[in-house]
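Okay, structure first, notes after.
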Amino acid sequence: MQQSKTDQHQLSSRASTTGRKQRAGTAFTGGYGTKTGSSDLLFLEGQLPTEDGTVPSAQSAAEQMQHALSNLETALEEQGRTLDDVLKVTVYLTDLEQYDAVNDVYREAFGEQLPARSVVGVSELLGGASVQLDAVAAIE
């Protein structure tokens, strides 16, 4: 079944705007999207707990979560948004035994209006991080 030109245009206009970004200290270059077409959603991917381009691997998962959330907050501010605009967060965690400590930091950052969240256990993250965040925020 062939798609009409209108359908094809709608699909292509919803594709993420891609960019290439070097993450200092992780020796990784990847493509990261930030906005889906004319959508009113902002996608912030790969928020690592970096300080001056490196991941402070000696810090606990809770401390790294604080840094990742701070980096997320900075990325949101660059787009004229705040943590109040966040609708969904995905937390990647290398040690699920640290869930409660990371959860406490998450609750403190977002307060009473917690966005939807998924926590995914992973074996490894870039730069030796214990935590990484992806977030979806409302633009309007």
Side-chain angles (χ1 to χ4, degrees):
M1 176 182 214
Q2 285 189 321
Q3 294 179 326
S4 71
K5 287 187 179 198
T6 302
D7 289 340
Q8 289 174 350
H9 174 71
Q10 286 174 338
L11 288 175
S12 66
S13 70
R14 296 194 50 84
S16 289
T17 304
T18 59
R20 303 282 295 168
K21 182 176 180 181
Q22 176 66 39
R23 294 191 180 279
T26 63
F28 178 79
T29 302
Y32 296 91
T34 56
K35 182 179 176 189
T36 301
S38 59
S39 171
D40 59 352
L41 299 175
L42 178 67
F43 296 85
L44 299 161
E45 305 160 327
Q47 299 298 310
L48 291 166
T50 55
E51 289 181 9
D52 300 322
T54 61
V55 173
S57 57
Q59 291 182 340
S60 69
E63 291 170 318
Q64 286 193 22
M65 181 67 165
Q66 287 174 325
H67 281 99
L69 284 165
S70 177
N71 292 344
L72 173 61
E73 201 165 11
T74 299
L76 286 164
E77 287 172 3
E78 290 172 0
Q79 300 293 323
R81 301 288 152 229
T82 68
L83 288 177
D84 290 337
D85 297 307
V86 175
L87 303 172
K88 168 82 169 74
V89 176
T90 303
V91 178
Y92 300 95
L93 188 59
T94 59
D95 181 1
L96 289 175
E97 302 244 342
Q98 299 301 311
Y99 175 85
D100 289 335
V102 167
N103 192 50
D104 290 343
V105 174
Y106 181 85
R107 285 184 171 284
E108 185 176 317
F110 285 102
E112 303 243 346
Q113 294 297 322
L114 295 172
R117 180 189 62 191
S118 299
V119 177
V120 180
V122 296
S123 62
E124 185 176 17
L125 291 168
L126 294 174
S130 298
V131 176
Q132 177 181 303
L133 306 175
D134 291 346
V136 179
I139 292 175
E140 296 179 22

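Just so it is clear, the values below take in all heavy atoms, side chains as well, and ignore hydrogens, waters and symmetry mates.
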Looking at residues at least two apart in the chain, or sitting in another chain, which of them share a side chain to side chain donor-acceptor pair (under 3.5 Å) with T90?
K88
Residues which pass side chain to side chain contact (heavy atoms under 4.5 Å, CB included) with E77, listed by chain and number, not counting sequence neighbours:
E73
Name the residue from L83, D84, D85, V89 that meets the side-chain contact (heavy atoms from CB on, under 4.5 Å) definition with P115.
V89
Looking only at heavy atoms, what is the nearest atom pair of L69 and A109, with distance?
CD1-CB, 3.6 Å
Kindly write out the residues that satisfy side chain to side chain contact (heavy atoms under 4.5 Å, CB included) with D104, not counting sequence neighbours, or none if the list is empty.
none
My understanding is that only residues two or more places apart in sequence, or in another chain, count here; which of them pass side chain to side chain donor-acceptor pair (under 3.5 Å) with S60?
E63
Applied to residues 100-121, the ring-ring contact (aromatic ring centres under 6.0 Å, His included) test, sequence neighbours excluded, yields Y106-F110
Using atom types as modelled, flag every donor-acceptor pair under 3.5 Å from a side chain in residues 121-137 to any protein atom, sequence neighbours excluded.
from	atom 1	to	atom 2	distance (Å)
D134	OD1	G46	N	2.8
D134	OD2	Y92	OH	3.1

Going by side chain to side chain contact (heavy atoms under 4.5 Å, CB included), name the residues that satisfy it together with A138, two or more places apart in sequence or in a different chain.
L87
Residue list, side chain to side chain donor-acceptor pair (under 3.5 Å) with E108, at least two apart or on another chain:
none
Filter on ring-ring contact (aromatic ring centres under 6.0 Å, His included), then keep only pairs touching residues 113-132, sequence neighbours left out; what's left?
none
So do the side chains of N103 and R117 get within less than 4.5 Å of each other, counting heavy atoms only?
yes
Test side chain to side chain contact (heavy atoms under 4.5 Å, CB included) applied to V55 and H67, step by step
CA-CA 9 Å; V55 173; H67 281 99; over 6 Å; no
Spacing of CD belonging to Q47 relative to CG belonging to L76, to within rounding of 0.5 Å
8.0 Å
Pairing residues for R107 by the side chain to side chain donor-acceptor pair (under 3.5 Å) criterion, not counting sequence neighbours
none
Restricting to side chain to side chain contact (heavy atoms under 4.5 Å, CB included), what partner residues turn up for P56, sequence neighbours left out?
E51, Q59
Is it possible for you to say whether L96 and V120 belong to one hydrophobic cluster, with membership spreading through side-chain heavy-atom contacts below 4.5 Å?
no
